[in-house]
Asks: 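Before we start, here is the structure in question, set down as structure tokens.
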Amino acid sequence: MERGALSGHLPVMYAQVLDGLNVRGNGTYLDGTFGRGGHARGVLEQLGPGGRLLVMDKDPEAIAVAEREFAADPRVAIYRGSFAELAQWNETAAGLDGILFDLGVSSPQLDVAERGFSFGKDGPLDMRMDPDSGLSAAQWLAQADEREIADVLWTYGEERMSRKIARTIVARRSEQPLLRTAQLADLIASVMPRGDSKIHPATRSFQAIRIFINRELADLEIGLDAALARLKPGGRLAVISFHSLEDRIVKQFILRHSKAPPANRRMPVEVAFTPVLLAIGSAQKAFDEETSVNPRARSAVLRVAEKLPVDGPAHGKEAA
């Protein structure tokens, strides 16, 4: 994720996101992953005096940026917390015309060694997007059993060496606690040397632990349901994913709410299906001009869907 660094660099897929949200001047929009506010600024620039921008983030540093830049604007409301909580925020109760989720870890989080997200920068082994909530990566690795660690590495990182890495972690921690990112990265590299691969051996494991520690996939599923509930008819949902596990959840969510399930020959009566979402185009990737200057955008996938009127016509079996 590249959520608008303060240097002025545009966030990932900036123009495509704003086009997908189809911002109206008097609408109400939610940026569920404020980061450093790149997308949020773009939305705010298109809002008139009657428009409204709601911003959320789990990261206290992101919220500090939002409050410093936007607190004086009466059109803006700020909430510290996960987008999974968006339906609990009273500001969303009146309905939303657009919602953005820019998933994963932000550039400022990756670039600051003290946050513990990067295997390329030595820092405390933390990885929490909200450092005031839950266990750090170091605390979890100190207490989880070998099977749990292996399951996390496989499930969230698709790491083929998950069992060997987990076994080595458990053996090493009995001698010395794993407290630094460099310690963990070196341990993983000792288990599976890089060889000719350009990808660091710790890439998948760091991703997996981060996703687990922050409940990212569980929050995404809850957040998507909440977004659908809060969107007004005609409102747009835009989600940027950075790896296949996230994108699969988003893709299946849109598909489940936009197309009837395949016909079941064992069901004598066809079950009526009323779509509540319309997929807007297909999955989008960042343009070459963007990826050439921002390599992190290469893995970005944007999906956009629009909420349909509640009283839309019921549909039966649909073509695939």
Side-chain angles (χ1 to χ4, degrees), residues 1 12-13 15-24 27-33 39 43 82-87 92 95-104 155-156 158 211 215-287 297-320:
M1 180 195 308
V12 160
M13 304 181 77
Q16 291 151 284
V17 165
L18 292 181
D19 182 59
L21 287 174
N22 192 29
V23 180
R24 297 192 293 270
T28 300
Y29 296 85
L30 171 74
D31 184 344
T33 45
H39 293 113
V43 172
S82 167
F83 56 64
E85 304 166 11
L86 75 87
T92 69
L96 302 167
D97 296 288
I99 297 172
L100 169 65
F101 297 161
D102 181 6
L103 305 176
T155 302
Y156 300 119
E158 299 175 319
I211 289 172
R215 299 185 71 255
E216 291 178 40
L217 300 188
D219 276 8
L220 176 57
E221 292 178 340
I222 296 169
L224 289 171
D225 286 336
L228 180 58
R230 283 293 189 253
L231 274 176
K232 297 176 183 176
R236 294 280 184 90
L237 170 66
V239 185
I240 304 174
S241 304
F242 285 81
H243 61 76
S244 59
L245 295 175
E246 295 171 336
D247 184 55
R248 190 178 306 139
I249 290 172
V250 178
K251 178 181 179 180
Q252 291 177 349
F253 177 82
I254 294 174
L255 186 65
R256 186 165 66 249
H257 292 287
S258 61
K259 289 186 177 293
N264 187 340
R265 295 177 182 177
R266 297 179 181 179
M267 295 288 289
V269 179
E270 190 174 279
V271 178
F273 174 77
T274 302
V276 292
L277 282 177
L278 173 68
I280 303 299
S282 56
Q284 302 178 54
K285 299 283 285 182
F287 299 128
R298 290 174 188 161
S299 58
V301 177
L302 171 66
R303 294 185 187 272
V304 180
E306 181 175 304
K307 187 170 182 178
L308 296 170
V310 178
D311 56 354
H315 294 273
K317 183 169 62 178
E318 296 189 3

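Keep in mind that what you see is a predicted model, and the values were worked out from it rather than measured.
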Asks: Locate the shortest heavy-atom distance separating F242 from L103; write the atom from each residue and the value.
Replies: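 For F242 and L103, the tightest heavy-atom pair comes out as CD1-O, 3.4 Å.
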Asks: How far does NE2 of H257 sit from CG of L277, to the nearest 0.5 angstrom?
Replies: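 One finds 6.5 Å between NE2 of H257 and CG of L277.
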Asks: Grab the two heavy atoms, one from F253 and one from L224, that are nearest each other, plus how far apart they are.
Replies: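 Smallest heavy-atom distance, with atoms named: CZ-O, 3.3 Å.
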Asks: Between L220 and F83, which heavy-atom pair has the shortest distance, and what is it?
Replies: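 L220 and F83 have their closest heavy atoms at CA-CE1, 3.8 Å.
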Asks: Give a yes or no on whether K251 atom NZ has more than 12 heavy-atom contacts from other residues, nucleotides or ligands under 6.0 Å away.
Replies: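 Atom NZ in K251 is not crowded, with 12 or fewer foreign heavy atoms closer than 6.0 Å.
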Asks: Would you say V17 and L100 make side-chain contact, with heavy atoms under 4.5 Å?
Replies: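 In short, these two side chains touch, coming nearer than 4.5 Å.
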Asks: Compare every heavy atom of L21 with every heavy atom of A238, then report the nearest pair and how far apart it is.
Replies: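 Taking every non-hydrogen atom into account, CB-CD2, 4.0 Å.
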Asks: For the backbone of R24 and the side chain of Y29, can you confirm whether one donor and one acceptor N or O come within less than 3.5 Å of each other?
Replies: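 Yes.
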Asks: Taking the side chain as every heavy atom from C-beta outward, state whether L245 and E158 have any atom pair closer than 4.5 Å.
Replies: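 Of all side-chain heavy-atom pairs linking E158 with L245, at least one is under 4.5 Å.
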Asks: So, for T92 and A87, which heavy atoms are closest and what is the spacing to 0.1 Å?
Replies: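 Shortest heavy-atom separation between T92 and A87 comes out as OG1-CA, 4.0 Å.
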Asks: Starting at CZ of R236, measure out to CD1 of I280 and round the result to the nearest 0.5 Å.
Replies: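 Atom-to-atom, R236:CZ and I280:CD1 are 4.0 Å apart.
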Asks: Nearest 0.5 angstrom please: E85 CD to D219 CG, how far?
Replies: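 Output value for this atom pair is 7.5 Å.
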Asks: Under 3.5 Å, is there a donor-acceptor pair between the side chain of H39 and the main chain of V12?
Replies: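 Yes.
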Asks: Using 0.5 Å steps for rounding, measure from the CG atom of D97 to the CG atom of L30.
Replies: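 The CG atom of D97 sits 11.5 Å away from the CG atom of L30.
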Asks: Which value, rounded to the nearest 0.5 Å, describes the distance between R230 atom CZ and D225 atom CG?
Replies: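 Answer rounded to 0.5 Å: 12.5 Å.
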Asks: Could you measure the distance from the CG atom of L96 to the CG atom of L228? Nearest 0.5 Å is fine.
Replies: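 L96 CG to L228 CG: 11.5 Å, rounded to 0.5 Å.
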Asks: At their closest point, which heavy atom of Q16 faces which heavy atom of K285, and how far apart are they?
Replies: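 Looks like NE2-O, 3.0 Å.
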